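Down below is the structure, laid out as structure tokens.
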Amino acid sequence: MMVHSRKAVIEVADARVSFGAVKALDGATLAIMPGECVGLVGHNGAGKSTIVSVINGGLTPHEGTLSGDGEPLARYGVNAARAMGVRCVFQELSLCPNLTVAENTRLMHRRIGGFGWRSRACAVIEESLDAVFPGHRIAGDRTVGELSIAERQMVEIAMAFSDAGVAPRLVILDEPTSSLDASLAEQMLAHVRRFVAAGGAVILISHILGEILSTADRIVVMKDGRIVADRPADAFSENSLVETMGSVVRQEGARGRSQDFSGAPPVLEWTGGGLPFRARRGEVVGLAGLAGHGQTAMLMRLHAANSSDWLPRRDPAVTFVAGDRRLNGVFELWSILRNFSIASLGDLSRLGLVRSDREGVRGADWRKRIEIRTPDMENRILSLSGGNQQKVLFARALATRAPVVLMDDPMRGVDVGTKQEVYEIVRQEAAGGRTFVWYSTEMEEVCLCDRVYVFREGAIVAELAGDAVSEDNILAASFERGAA
Amino acid sequence: MIRRSPADFIRLLIPALSLAVLLAAVFWLQPRAMSYVGINLLFNLAVPIALATVAQMFIMAVNDLDLSMGTFVSFVACVTATFLRDAPLVGVVILAGSVLVYAALGVVIHLRNLPSIVVTLGMSFVWAGLAVLLLPAPGGQAPDWVRALMTMKPPLVPIAIVAAVVIAVVAHVIVMRLSLGVLIRGVGGNERSVERAGWSIVAARAAAYGLAGLFAVLAGIALVGLTTSADANIALRYTLLSIAGVILGGGEFIGGRISPVGAVIGALTLTLAGSFLSFLRISPDWQIGAQGAILILVLALRLVFNRVEKRGHGR
Amino acid sequence: AAMPVSALADTSGKKIALSNNYAGNSWRQAMLESWEKVTGEAVKAGVVAAADAFTTAENQATEQAAQIQNMILQGYDAIVINAASPTALNGAIKEACDAGITVVSFDGIATEPCAWRIAVDFKEMGRSQIEFLSGKLADGGNLLEIRGLAGVFVDDEISGGIHAGVEQFPQFKVAGSVHGDWAQDVAQKAVAGILPSLPEIVGVVTQGGDGYGAAQAIAAVGRPMPVIVMGNREDELKWWKEQKDANGYETMSVSIAPGVSTLAFWVAQQILDGKDVKKDLVVPFLRIDQDNLEANLETTPAGGVANVEYSQDDALQVIEAAN
Amino acid sequence: MNALVRLFSRPWIWSWGAAFVIWFATIMVTGGASTLGLTQAALTFAAFSIIVGLGQMFVITLGPGNIDLSVPATMTLAGTVALKFMNVENGMILPGLAVAVLIGVAVGIGNYALIKALRIPPIIATLSMSFIVQSAAIWTNRGLRIKPPSFLADFTTSATLGVPNLALVALALSLLSWLVLEKTVYGRWISAIGQSMPAARMAGIPVDGVRFITYVFCAVLAALAGYLLACFSGGAALNMGSEYLLMSIAVVVIGGTAVAGGDSNVPGIWGASLFMFLVVSMLNTYGLGAGIRLIMTGLIIISVILLAGGRKPGAR
Ligand SMILES: Nc1ncnc2c1ncn2[C@@H]1O[C@H](COP(=O)(O)OP(=O)(O)OP(=O)(O)O)[C@@H](O)[C@H]1O
Ligand SMILES: Nc1ncnc2c1ncn2[C@@H]1O[C@H](COP(=O)(O)OP(=O)(O)OP(=O)(O)O)[C@@H](O)[C@H]1O
Ligand SMILES: [Mg+2]
Ligand SMILES: [Mg+2]
């Protein structure tokens with residue numbers, strides 16, 4: 001490759017950032033060349049988002065230097081970064097839901113000002129959407145709040161690649177595919193390749209290693225704020241990547257068990273449009289299909305139908321693990337312990353009074369059981385990394401006596417090691433008689449389920465069981481009569 | 001022109017329909033109101049309320065709430081009836097200064113991360129105190145030009161309607177058409193991402209508060225133009241009226257979801273609701289309660305329409 | 001079939017409205033009741049066609065202005081107003097006059113020249129309190145003043161009268177002044193708050209409605225009871241009576257009778273009838289002294305206020321007196 | 001040192017500090033002679049704000065937008081109806097109390113019905129409700145002032161061991177509220193709902209039930225305050241609650257409860273209530289006019305929030 005003869009778009013040298021005692025970046029050095037896609041991987045809390053913030057100008061490193069095109073950048077900030085053509089798709093959705101797509105574009109591109117900005121902004125974003133996601137059907141005058149999560153993510157990605165005066169030179173994608181289904185993700189990755197081929201630079205962060213391996217030219221592995229490996233992509237296999245990240249790979253044969261549940265009593269049933277839904281005791285039921293086709297709505301319906309908004313229940317019928325932690329998962333003001341215990345207070349109280357001794361014991365138990373990495377359960381929940389917060393949500397759900405656990409794509413942004421731990425827990429609990437209803441956007445997870453319902457346009461269109469649960473069958477069902 | 005999305009349309013349709021229904025009811029009860037003079041009498045006191053509602057809307061756009069709106073408009077009314085008439089220059093300086101105070105409040109609230117409710121609660125005492133100092137007893141007199149403006153008799157359409165339309169259009173242009181409006185709503189919708197796009201949130205908040213101050217000043221001036229004089233308690237009701245107006249007009253407390261045209265319609269609806277009750281001749285004991293009932297009724301209407309809309313959209 | 005009550009033009013087809021801005025205390029309730037009682041009889045007798053009372057939801061000049069504008073639309077021939085502000089309704093009143101409507105204001109009067117005013121001399125109401133105290137307490141001393149609602153016309157007037165009185169009788173000094181908002185509980189709270197830091201108080205001058213609250217607050221801290229000028233609420237008079245019986249306590253009561261609304265009604269009716277009436281009329285305030293306390297207390301309903309209702313003849317007298 | 005830092009990170013410390021400074025400035029005018037009188041008066045009158053403030057605090061803890069504006073009207077209705085019902089008879093004290101509580105329950109049910117069934121934002125729903133309740137108060141007794149039963153009148157105006165009985169009632173209610181908020185499942189639930197309603201729902205909390213109870217509780221406390229206030233001031237008046245609209249909100253937020261919900265603070269309400277009473281007393285004592293007094297009150301409120309503000313919500 002001839003890219004090395006050119007100067008780096010952005011180079012971070014020996015950057016250090018700490019948040020209190022946490023060293024988020026501990027001497028990281030990273031240079032991004034034009035015309036390359038750098039894959040950035042690492043466990044939760046490794047410092048990926050932090051180094052992105054540094055490159056993006058949102059965070060000034062406490063030590064270390066930044067240079068662009070070979071020149072040291074003295075007064076670097078968000079606006080300077082944007083002027084240099086650095087664009088970023090953040091991990092969490094960062095559009096204004098109350099504005100239209102065009103208005104969001106206006107906010108992102110300071111240059112689209114002046115009279116008639118509306119039509120210009122509309123043209124800019126629609127052009128970019130057409131380029132990245134052909135056949136997207138998102139109009140510029142739609143309000144973002146009305147879009148599905150996947151559509152919002154598409155808009156954000158298109159926004160980063162759009163050109164309104166300053167052409168994008170370096171696009172940073174921090175877990176861009178977390179809400180996209182496979183086909184949309186592929187469209188995006190294809191665009192990344194085109195963009196890179198045309199001389200642009202991309203940083204791609206993802207916990208889905210397949211994406212990284214297939215798209216990146218070079219892979220940078222981070223661990224505890226340091227860069228521990230920086231090699232061409234061909235030098236890695238999925239296993240070696242996981243090893244470098246520091247997680248132990250637990251080799252699993254597909255589902256491990258292939259049981260017949262037809263004799264088990266059904267614990268949850270629902271009939272709406274399409275095929276009826278049924279879950280039996282001890283079963284792990286998967287909800288699959290393209291993202292945003294009614295799986296989450298189904299989970300919400302199941303939850304609403306089996307819990308009361310008016311009266312407390314001593315024996316909850318269902319419990320829920322949220323995927324969108326910020327929105328319907330964590331209680332931000334609270335400690336880890338309180339976040340953990342909130343769903344099982346009925347068991348931890350007498351005469352309405354919470355027994356804090358029992359609460360503490362139960363918390364310590366679960367902390368050990370699923371390895372929540374914290375020195376003290378009394379610490380605030382936000383002091384945990386995202387993956388660990390997710391584990392707390394799992395513990396919250398599993399600590400209840402509810403026989404059914406509803407899971408709404410709970411592995412979003414959870415690192416490989418943690419995922420394996422959680423899979424193990426799910427397997428154990430299911431063996432103990434718990435039922436899991438599991439919506440996931442990741443095929444690998446869907447394939448762990450005993451039985452899978454495939455959704456299309458808000459209804460169940462196919463039921464796959466046993467060996468029929470395979471990527472091909474699910475995709476076929478998702479796209480039947482569709483584009484594929 | 002870009003067509004607005006259906007949600008925005010419904011957002012406006014509901015308040016507009018409530019207003020239309022109420023107006024029809026009023027005309028039916030009191031056919032005399034269906035005239036140039038009648039319409040003006042029905043709506044002229046809605047003009048300052050509409051201005052105050054738009055002012056409150058700017059604050060609500062950035063997820064804050066102004067509990068001092070009423071006392072501030074009263075204060076402005078006192079200034080208008082005294083300084084603005086007797087020493088126009090001083091009057092203008094005071095009013096401009098108070099708009100700056102509003103902008104400064106926005107800055108302080110943002111920088112110190114304070115709850116706007118408490119700060120404006122405190123400010124409501126301050127404005128009330130200043131008003132009492134200015135006019136210990138009701139009095140003063142409206143400047144002639146203000147009086148002339150508010151009692152103008154344009155051909156065909158009464159001044160109240162002209163003013164309401166002008167306010168709605170100006171507010172719409174600022175909030176929906178100008179980049180500044182997008183920025184302000186963006187702060188309400190997702191402050192962090194606006195910040196990451198390189199905008200100054202402090203400036204945006206200051207602008208929102210400053211605009212609120214400006215419209216509130218106009219509300220005070222318009223009010224004095226109608227009443228001819230002022231007192232320290234003249235507009236206390238505007239705090240709750242302006243909030244109710246924004247909500248009736250389809251706005252929301254958080255998330256930067258506001259509608260300027262809706263806010264003006266909301267203010268007109270609230271004013272009209274009072275007249276409607278007056279025409280109904282309810283027993284004096286229950287006249288106050290009926291105002292509550294009508295507020296509930298209008299908002300319940302919103303629910304019905306929302307349901308209909310959901311059914312239309314539901315898949 | 002109605003009796004001919006008037007020798008002049010007939011008002012039996014006329015409609016009169018009462019515009020009231022506040023109904024939240026017993027005085028206003030008594031005012032509304034008097035109106036209902038007297039006008040109800042008048043309507044029955046066919047003197048006027050209608051006499052409707054309207055109250056705004058909140059005590060605000062802006063709401064009352066809207067209410068008056070609605071009355072214009074409803075086609076009333078006369079509007080009787082207890083105004084929330086002497087000037088802030090002038091715009092609406094002017095509109096009414098322009099529409100040919102007779103406007104009569106009372107209690108809370110309006111300064112718009114086209115309206116009639118039935119005024120109480122609030123200044124004198126304040127001044128006479130000090131005059132009374134000077135007769136009782138020759139040596140003078142410290143006074144506590146309880147004011148009404150800040151920024152309201154009546155409050156300013158009465159307080160002005162009190163201070164004029166203190167100038168006239170310099171042996172008195174206003175040692176403290178609080179706003180009781182014409183409400184028992186607010187007055188009680190304000191007095192309790194300032195009392196500990198006041199020197200000995202010989203008298204409390206009030207604006208009515210707050211005397212009992214002051215008495216309660218003073219009794220609570222066990223101070224010697226000063227001479228508290230009372231208003232016309234029954235609890236004030238009753239407390240006075242109890243004290244009088246127990247220890248010969250002496251004071252006076254000044255107030256404006258809520259029934260003045262009926263006087264305004266008759267005046268409006270007379271104007272509609274074509275009578276030539278001066279724009280400014282004065283009614284005496286209601287004064288109760290040591291000797292007529294019992295008589296007044298007897299006619300005051302339990303929990304209500306001392307009141308006087310007026311007849312058409314009373315109105316004629318007042319009109320004559322002004323001419 | 002560390003303890004001092006911890007102390008200053010307590011949200012309620014600022015309202016207590018402000019109350020103390022003002023108390024001191026007021027008694028200094030008389031060289032300390034007014035200490036006992038002022039303290040007793042402050043405790044007595046703060047009691048009412050504390051009682052309504054507690055209820056308002058529960059509602060505000062439910063999260064942004066939750067507020068009860070029907071407090072003043074509820075106080076008025078409960079006071080007037082209860083006094084009329086008791087009709088100056090000592091034997092009727094408890095039934096009268098029950099009537100007041102029932103009125104609170106009814107208003108609370110009405111409030112939440114509007115909020116839930118008609119989806120009206122709480123601020124407007126409770127405002128509309130307050131109009132209706134106020135009308136009901138006018139309709140039931142037309143402003144007649146009926147005296148409280150003598151026993152109640154004595155109880156509310158006297159003191160036990162130098163502490164006003166009303167302050168003791170407020171203390172008991174505060175302790176109860178504190179216990180409920182800090183120690184019970186219900187307290188956890190309120191706080192959870194205040195932080196995130198969707199999250200609370202997904203965690204299996206009976207969200208509607210909890211919010212409903214909270215609105216009812218707030219209305220009941222308002223009714224109780226109205227009952228006590230009517231007895232204390234020798235009869236109910238139709239406008240007796242009006243002062244407590246802004247007051248109930250002010251004491252909650254000055255006291256350090258998060259306006260954004262989820263975080264409540266009982267001791268702060270005491271500090272703030274004493275503070276609000278003492279500010280007026282101080283400015284009256286210094287003989288300042290109404291204008292200056294209002295301005296000072298406002299500036300002091302803003303200073304307190306400026307000093308206390310900007311803090312991060314403490315870990316719990
Ligand atoms: N604002 C902050 N305050 C305190 N600590 C922070 C902050 N931001 C990041 N950290 C800490 O810095 C470390 C690195 O975080 P970072 O977000 O960069 O991780 P990451 O690699 O992006 O993880 P993930 O895969 O979960 O996204 C973490 O331990 C995190 O707890
Ligand atoms: N306000 C905060 N205080 C302390 N730590 C924070 C704060 N905000 C973020 N962090 C830390 O920053 C890290 C990164 O935050 P981020 O929101 O990117 O979560 P994450 O670990 O990447 O999870 P996810 O991928 O699910 O978003 C988290 O691990 C968290 O500990
Ligand atoms: Mg990250
Ligand atoms: Mg993550």
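Computed from a prediction, not measured in an experiment: that's the story for all the values here. Chain letters run A, B, ... following the sequence lines, proteins first and then strands; every chain starts at 1.
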Is the closest side-chain heavy-atom distance between [X] and [Y] below 4.5 Å?
X	Y	result
F48(D)	K189(C)	no
N239(D)	Y22(C)	yes
R293(D)	H179(C)	yes

field: Contact class of L38(D) relative to chain C, heavy atoms under 4.5 angstrom
entry: both
- prompt: Tell me, side chain or backbone of Y286(D) under 4.5 Å from chain C's heavy atoms, or both, or neither?
  reply: neither
Which atom of [X] lies closest to which atom of [Y], heavy atoms considered:
X	Y	value
M240(D)	D185(C)	O-OD2, 3.1 Å
V178(C)	N284(D)	CG1-ND2, 3.3 Å
G234(D)	Q216(C)	N-NE2, 3.5 Å
Q188(C)	S233(D)	OE1-CB, 3.0 Å
A192(C)	A41(D)	O-CB, 3.5 Å
G37(D)	P196(C)	C-CG, 3.6 Å

- request: Determine whether more than 12 heavy atoms belonging to other residues, nucleotides or ligands lie under 6.0 Å from atom CD of E167(C).
  value: no
- request: Give, as side chain, backbone, both or neither, the part of L195(C) having an atom under 4.5 angstrom from any heavy atom of chain D.
  value: neither
message: Please classify the contact between S197(C) and chain D as side chain, backbone, both or neither, with a heavy-atom cut-off of under 4.5 Å.
response: both
- request: Output the option from S242(D), G291(D), S281(D), A159(D) having the highest count of non-hydrogen pairs under 4.5 Å with chain C.
  value: S281(D)
- prompt: Any idea which of A183(C), G193(C), S177(C) has the most non-hydrogen atom pairs under 4.5 angstrom with chain D?
  reply: G193(C)
Atom pair CH2/NZ of W239(C) and K147(D) - distance to nearest 0.5 Å: 11.5 Å
